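One structure is given below, encoded as structure tokens.
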Amino acid sequence: MSNLKRYQYLASKWLNGTITKAEKIEFSQWYNSHSDEKIFIPTSFAKDESALRERILLKVRQGTHLSMSRRISLYSSKRVAIAVSLAVFILCGIGYFLHLRSDDNQIQTVELDKIQPGGNKATLTLTDGRIIDLSEQQSGLIIGDNIQYLDGSSLLGEDRSQDGNKALSYVTLSTPKGGQYQATLPDGTQIWLNSASSVKFPSRFEDAYREVELLAGEAFFKVKPYKKNDFKIPFYVKNGHQLVEVLGTQFNINAYEVQAGVVTTVVEGSVAVQPFELSQDVHKSRVVLTSGDQSVIKGAEVSVLHVDSESFTAWKDGYFYFNDADIYTVMKEFERWYDIEVKYEISKSDDLFVGKIPRKVTLGTALSVLKKAGVSFEMSDYRYLVVKNKTNN
């Protein structure tokens with residue numbers, strides 16, 4: 001029996017409840033040793049899987065097979081001859097493997113594999129109107145009167161740090177689709193800017209407070225506490241829909257889909273959020289979020305959830321991280337990062353995708369995982385991708 005068939009056999013035994021303790025250990029060790037992502041199946045997984053099975057079977061009995069969603073695990077390896085998902089087996093009602101083989105890498109068209117991932121691309125707009133294309137060889141800036149790259153080289157070619165009496169100036173950092181960039185503000189606060197995003201901040205902060213404005217898109221903030229004359233200087237992040245007062249350190253704001261709501265996710269520390277109308281009138285509702293909390297502000301309404309913050313901040317660390325995301329959510333991420341335009345021939349998809357994919361891979365590699373779930377694509381023109389009706393595997 002080949003290795004692959006052996007572990008298919010063990011997976012089937014796990015699902016039907018006949019697997020032994022030794023076989024569970026064998027299967028877990030094999031799976032974890034072959035995954036080049038940090039995805040771990042504990043040897044105690046069977047207990048959780050049994051509980052999950054019962055919940056799913058209950059839903060199946062209450063509904064129909066046609067309305068049931070598949071929960072599809074995503075894997076990004078181009079080398080490994082596996083990608084096993086026990087959850088997929090149960091949710092689909094059948095035991096099959098979603099795997100990537102080395103010869104399957106040839107499935108992608110040349111056009112898809114030619115589309116490279118995004119990178120360090122951004123522009124900086126100065127107060128005097130100058131727009132500077134930032135170096136793609138650099139990943140970020142240090143903001144001050146003399147703006148520098150992270151390696152210490154000057155961006156403007158002049159040192160204006162002694163000009164302390166000049167009027168306060170603002171700069172705007174913007175990324176295109178397929179771009180990202182980082183900035184360290186004058187107080188030491190760090191900002192990571194995602195694709196198609198823009199943030200405005202001063203070259204130096206006033207004494208009374210610190211404030212930046214997220215003009216569009218998504219940004220991750222790691223705010224550094226700052227005191228002057230023993231007085232704690234507050235930090236605010238605003239946009240046209242909300243005001244965030246930073247009480248702690250690390251959080252993410254996603255304002256891509258403002259009609260669906262501005263999403264703030266706290267990783268560490270705490271923040272206070274409140275709706276903020278375009279007229280600058282602040283609503284009375286103010287909600288404090290702590291680690292793992294997420295707010296969604298839509299108009300004057302504020303809703304709060306407790307979430308796995310990693311799935312909302314993984315982009316900063318170089319990953320797509322999907323947690324029960326539909327095909328439209330997945331493709332929106334790809335659309336921004338690979339600078340493509342996506343159209344749909346499908347009218348509806350109930351599939352849900354779970355897992356990590358490195359953002360450094362080509363579009364062809366990223367889409368290869370979805371192809372294994374039966375999703376079909378066609379590149380009708382350069383950077384114009386059509387999601388077609390499903391193929392049968």
Side-chain angles (χ1 to χ4, degrees), residues 170 172-175 182-183 185 187-202 205-206 208-227 231-317 321 323 325 329 332-333 336:
Y170 287 83
T172 300
L173 179 65
S174 302
T175 56
Q182 183 182 345
L185 303 187
D187 63 341
T189 291
Q190 294 176 280
I191 300 177
W192 286 261
L193 203 59
N194 205 348
S195 301
S197 302
S198 183
V199 64
K200 181 180 179 181
F201 42 77
F205 286 113
E206 299 281 18
Y209 66 95
R210 301 170 288 166
E211 183 177 273
V212 302
E213 183 175 5
L214 180 62
L215 301 173
E218 183 172 27
F220 182 93
F221 297 85
K222 186 176 182 180
V223 177
K224 186 174 181 179
Y226 183 72
K227 287 186 177 181
F231 178 73
K232 186 176 180 181
I233 308 300
F235 192 103
Y236 299 95
V237 180
K238 69 175 183 179
N239 67 10
H241 301 270
Q242 70 173 22
L243 178 68
V244 176
E245 178 184 356
V246 181
L247 307 175
T249 52
Q250 302 185 43
F251 59 99
N252 190 84
I253 300 178
N254 185 328
Y256 280 127
E257 308 289 340
V258 293
Q259 292 183 340
V262 178
V263 181
T264 302
T265 308
V266 178
V267 175
E268 181 180 300
S270 60
V271 303
V273 298
Q274 54 194 15
F276 195 70
E277 290 186 337
L278 293 175
S279 63
Q280 304 296 304
D281 292 331
V282 179
H283 291 265
K284 295 181 180 179
S285 55
R286 180 177 182 270
V287 177
V288 175
L289 308 177
T290 58
S291 179
D293 287 342
Q294 180 182 87
S295 67
V296 180
I297 288 184
K298 186 176 181 181
E301 299 179 359
V302 183
S303 59
V304 178
L305 305 168
H306 194 74
V307 299
D308 173 13
S309 61
E310 184 183 3
S311 61
F312 296 91
T313 62
W315 65 267
K316 178 183 73 72
D317 300 315
Y321 188 166
N323 189 2
T329 300
K332 281 180 182 178
E333 293 277 347
R336 284 191 289 263

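No experiment lies behind these values; they were computed from the predicted model shown.
- The two atoms that bring Ala208 and Pro234 nearest to each other are O-CD, 3.4 Å, heavy atoms only.
- Interatomic distance, Lys316 NZ to Glu218 CD, rounded to the nearest 0.5 Å: 11.5 Å.
- Checked by atom type and distance alone, the side chain of Ser174 never pairs as donor or acceptor with a backbone atom of Ser198 at under 3.5 Å.
- A cation-pi geometry, defined here as NZ or CZ lying under 6.0 Å from the six-membered ring centre and within 45° of its normal, does not hold between Arg210 and Tyr226.
- Using a 4.5 Å heavy-atom cutoff, the side chains of Val266 and Ser309 are not in contact.
- With respect to the salt-bridge test (charged N to carboxylate O, under 4.0 angstrom), the residues Glu245 and Arg286 qualify.
- Side-chain atoms of Asp293 and Thr290 include a donor-acceptor pair closer than 3.5 Å.
- The shortest non-hydrogen separation linking Ala219 to Trp315 is C-CZ2, 4.0 Å.
- Contact record, Pro275 with Ile297: N-CD1, 3.8 Å, taken as the closest heavy-atom pair.
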Step by step, work out the side chain to side chain contact (heavy atoms under 4.5 Å, CB included) result for Phe312 and Asn254. CA-CA 9 Å; Phe312 296 91; Asn254 185 328; over 6 Å; no

Passes side chain to side chain contact (heavy atoms under 4.5 Å, CB included), Tyr256 versus Arg336? Steps please. CA-CA 10 Å; Tyr256 280 127; Arg336 284 191 289 263; 3.4 Å; yes

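- Atoms OG and CD, from Ser295 and Gln242 in turn, are 5.5 Å apart once rounded to the nearest 0.5 Å.
- Across Thr264, Asp308, Thr265, Asn252, a single residue satisfies side-chain hydrogen bond (donor to acceptor under 3.5 Å, both in side chains) together with Gln294, and that is Thr265.
- In this pair, Phe221 and Phe251 present their aromatic rings parallel. The plane angle is below 30°, not in the 30 to 60° band.
- Contact check for Thr175 versus Asn194: no side-chain heavy atoms found under the 4.5 Å cut-off.
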From CA spacing to verdict: side chain to side chain contact (heavy atoms under 4.5 Å, CB included), Lys224, Phe235: CA-CA 9 Å; Lys224 186 174 181 179; Phe235 192 103; over 6 Å; no

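- Closest approach of Tyr170 and Pro202 over heavy atoms only: CD2-N, 3.6 Å.
- Atom CD of Glu310 sits about 7.5 Å away from atom CG of Asp317, to the nearest 0.5 Å.
- Within the model, atoms CZ of Phe220 and CG of Leu193 stand 13.0 Å from one another, a figure rounded to the nearest 0.5 Å.
- Under the 3.5 Å distance criterion, with hydrogens and angles disregarded, no donor-acceptor pair is assigned to the side chains of Glu268 and Ser291.
- To the nearest 0.5 angstrom, Asp187 atom CG is 10.0 Å from Ile233 atom CD1.
- Side-chain atoms of Ser197 come within 3.5 Å of backbone N or O of Ser195 as a donor-acceptor pair.
- Separation of atoms CD (Gln190) and CG (Leu185) is listed at 9.0 Å; rounding is to 0.5 Å.
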